[in-house]
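The block underneath contains the structure these notes are about, expressed in structure tokens.
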Amino acid sequence: MDARVNIYSDPWNPELPTSTWSGDGRPQQKVNWIEKGVVKNLYSSRYWAQKTGIKAIPYPGGAIMQGGTKSLEELIKGTEKGILVTRLWYIRTVDPQTLLLTGLTRDGTFYIENGEIKFPVKNFRFNESPIIMLNNLDEIGIAERTVSAESEANYLLPPLRIRDFTFTSLSDAV
């Protein structure tokens with residue numbers, strides 16, 4: 001991935017405190033998942049860790065992606081033509097080997113031209129791998145706290161300006 005991608009979990013982070021214990025009773029700790037665009041750790045059950053000889057790492061209670069220095073407004077101002085997506089939902093795996101996901105935009109999708117939001121647009125379906133997406137980073141904004149509507153998990157994530165994101169069709173979803 002892009003060398004600016006750094007993703008970690010830390011149950012003691014004051015901006016995103018999470019449980020210090022995993023759902024299966026293992027203690028949580030700070031884990032660097034991706035450093036400078038390179039995967040450093042993966043979740044592993046106790047069973048798989050014992051079978052393969054790797055370290056057992058519990059699934060994190062939240063995730064933090066280091067952000068940049070620009071606000072969302074600055075990212076929009078720097079966009080010649082693009083789509084502002086404020087929320088995604090109904091995200092499902094299409095191909096687990098490539099991490100290809102599909103999902104829909106929801107609750108606010110807008111057309112940007114010459115650094116200004118011009119008008120709302122219909123929702124889109126997308127097919128994209130986060131690996132490809134994180135290789136196509138143009139800009140990274142300031143990280144902010146967000147909650148997944150589907151899983152209720154907490155995240156500290158920056159807004160991203162991404163080149164060549166794959167929208168596949170329009171959706172009548174509201």
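Numbering of residues begins at 1 and proceeds along the displayed sequence.
- Contact annotation: the side chain of Glu116 never approaches that of Ile76 to less than 4.5 Å [non-hydrogen atoms, C-beta and beyond].
- Hydrophobic clustering keeps Leu88 apart from Val94 (ILVMFWY residues linked when any side-chain heavy atoms are closer than 4.5 Å, directly or through intermediates).
- The number of heavy-atom neighbours closer than 6.0 Å to OH of Tyr47, taken from other residues, nucleotides and ligands shown, is 12 or below.
- Aromatic ring orientation, Phe165 versus Phe126: tilted (interplanar angle from 30° to 60°).
- Looking at Arg161, its side chain never comes within 3.5 Å of a backbone N or O of Asp138 through a donor-acceptor pair.
- At least one side-chain heavy atom of Asn6 sits less than 4.5 Å from a side-chain heavy atom of Lys36.
- Nearest heavy-atom pair, Ala143 versus Leu156, reported as atom, atom and distance to 0.1 Å: CB-CG, 4.2 Å.
- The main-chain N or O of Trp33 is never found under 3.5 Å from a side-chain atom of Asn41 such that the two would form a donor-acceptor pair.
- With rounding to the nearest 0.5 angstrom, the OG1 atom of Thr102 is 4.0 Å from the CZ atom of Arg125.
- Side-chain contact between Leu104 and Phe124 is absent, with no heavy atoms from C-beta onward closer than 4.5 Å.
- Using a 4.5 Å cut-off on side-chain heavy atoms (C-beta onward), Tyr43 and Ile57 make no contact.
- Although no hydrogens or angles enter the test, the distance criterion places no donor-acceptor pair under 3.5 Å between the side chain of Thr105 and the main chain of Val85.
- A donor and an acceptor atom, one from each side chain of Thr109 and Asn123, are located under 3.5 Å apart.
- Minimum heavy-atom separation, Leu75 to Pro159: CD1-O, 3.7 Å.
- Of the possible polar contacts, one joining the Arg46 side chain to the Asp24 backbone as a donor-acceptor pair under 3.5 Å is found.
- A continuous path of Ile, Leu, Val, Met, Phe, Trp and Tyr side chains, each step under 4.5 Å between heavy atoms, connects Leu99 with Leu137, placing both in one hydrophobic cluster.
- Separating the CG atom in Leu84 from the CD1 atom in Ile117 is a distance of 5.0 Å, to the nearest 0.5 Å.
- Note that CG of Leu134 is 7.0 Å distant from CD1 of Ile162, once rounded to the nearest 0.5 Å.
- The number of heavy-atom neighbours closer than 6.0 Å to CD of Glu15, taken from other residues, nucleotides and ligands shown, is 12 or below.
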Let me see the working for Phe110 and Val121 under side chain to side chain contact (heavy atoms under 4.5 Å, CB included), right down to the final yes or no.
CA-CA 5 Å; Phe110 304 91; Val121 295; 5.8 Å; no
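- Side-chain heavy atoms closer than 4.5 Å link hydrophobic residues (I, L, V, M, F, W, Y) into clusters, and following such links, even through other members, never connects Val39 to Leu100.
- We find the CD-OG1 distance between Glu128 and Thr98 to be 10.0 Å, quoted to the nearest 0.5 Å.
- Within a 6.0 Å sphere centred on OH of Tyr59, heavy atoms belonging to other residues, nucleotides or ligands number 12 at most.
- Distance check: Thr168 OG1 to Asn127 CG gives 4.5 Å after rounding to the nearest 0.5 Å.
- Here the CG atom belonging to Asn154 is positioned 11.5 Å from the CG atom belonging to Asn13, to the nearest 0.5 angstrom.
- Residues Met65 and Val5 approach most closely at CE-CG2, 4.2 Å, considering heavy atoms.
- Judged purely by atom type and a 3.5 angstrom limit, Thr18 has no side-chain atom pairing as donor or acceptor with the backbone of Gly62.
- The minimum heavy-atom distance between Pro27 and Pro58, with the atom names listed, is O-CG, 3.8 Å.
- One hydrophobic cluster holds both Tyr155 and Leu101 under the rule that ILVMFWY side chains link at heavy-atom gaps under 4.5 Å.
- Residues Ile132 and Ile91 fall into different hydrophobic clusters, defined by Ile, Leu, Val, Met, Phe, Trp and Tyr side chains chained together at heavy-atom separations under 4.5 Å.
- Closest heavy-atom contact between Trp12 and Gln29: CZ3-CA, 3.8 Å.
- The nearest pair of heavy atoms linking Gln66 to Pro158 is O-CG, 4.0 Å.
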